[in-house]
Amino acid sequence: MRIDIISCVLDLMRSPFEASITKRAQEKGLVEVHLHDLREFGKGNYRQIDDYQFGNGAGMVLMIEPIDKCISQLQAERKYDAVIYMTPDGETLNQSMANHYSSFENIIILCGHYKGVDQRVRDKFITHEVSIGDFVLSGGELAAVVLADAIIRLLPGVLSDETSALTDSFQDGLLAPPVYTRPADYEGMKVPDILLSGHERKIEEWRMEQALERTKTRRPDLFKHLK
Ligand code: ADE
């Protein structure tokens, strides 16, 4: 998979892709992440990328020309399955969207900044609009990192134990059950006996009960989506 991210503040996004799972995924050749500086496509000597909004609204708006140049250049090089715009008024990200996007070959993620992008960018180029929650960030960059991370860890071969993404919270519509490691007894706080029993079927039953219980108490809304 190839992910091209367009932004005017690339520094906000570098380190997450240079660490841990996403770094290893790139080293293994399972994903390519390319960051594109919108400013390089800016207008004139000042490489202008934003301007005042028409109608006297407060705040700057990213102009269509630099974004058009950048996206058009990428689209001339390869075909993209999705051009995603990160915005608080997009569809709220969930695990099934991450699963869907992880099946794509090439995607572009556009990060808004200031008051966002000229509406005509959205009309002309954007195929999906994604929010990471009902709150407003200073720009789309951190949201883009969240989206890219959620996608990359689902790509085949990225997680060392392939089943571990399958047992994540949300992957089956439920929250994940509690987990424990050594010591079995920490200052009197004991690991549930069942986990030490070696009885695989009973352990699986226990995990399912715990997942159901957690989901029921913490996220009753998720039950509505269970078939
Ligand atoms: N840009 C600013 N806030 C955002 C959010 N919550 N989700 C996605 N992009 C954003």
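Along the sequence shown, residues carry numbers from 1. FYI, side chains are in, hydrogens and waters are out, and symmetry mates aren't considered; it's all heavy atoms of this structure. Whatever order the structure lists ligands and atoms in, that order sets their numbers, starting from 1.
Between Tyr101 and Phe104, the angle of the ring planes lies from 30° to 60°, which puts this pair in the tilted group.
With contacts defined as side-chain heavy-atom distances shorter than 4.5 Å, the pair Thr87/Arg122 qualifies.
Legend: residues meeting side chain to side chain contact (heavy atoms under 4.5 Å, CB included) with Leu12, ordered by chain and number and at least two apart, are Val9, Glu141, Leu142.
Sorted by first and then second residue, the side chain to side chain donor-acceptor pair (under 3.5 Å) pairs involving residues 194-203 (not counting sequence neighbours) are Arg201-Glu205.
Within 4.0 Å of ligand 1, heavy atoms belong to protein residues Met86, Thr87, Pro88, Val130, Ser131, Ile132, Gly133, Phe135, Val136, Leu137, Gly139, Gly140, Ala143.
Formation of a donor-acceptor pair under 3.5 Å by the Ser102 side chain with backbone atoms of Asn99 is found in this model.
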Below 3.5 Å, can you tabulate the donor-acceptor pairs from side chains in residues 30-38 to any protein atom, sequence neighbours excluded?
{"residue": "Glu32", "atom": "OE1", "partner": "His34", "partner atom": "NE2", "Å": "2.7"}
{"residue": "His34", "atom": "NE2", "partner": "Arg2", "partner atom": "NH1", "Å": "3.3"}
{"residue": "His36", "atom": "NE2", "partner": "Asp4", "partner atom": "OD1", "Å": "2.7"}
{"residue": "Asp37", "atom": "OD1", "partner": "Arg39", "partner atom": "N", "Å": "3.0"}

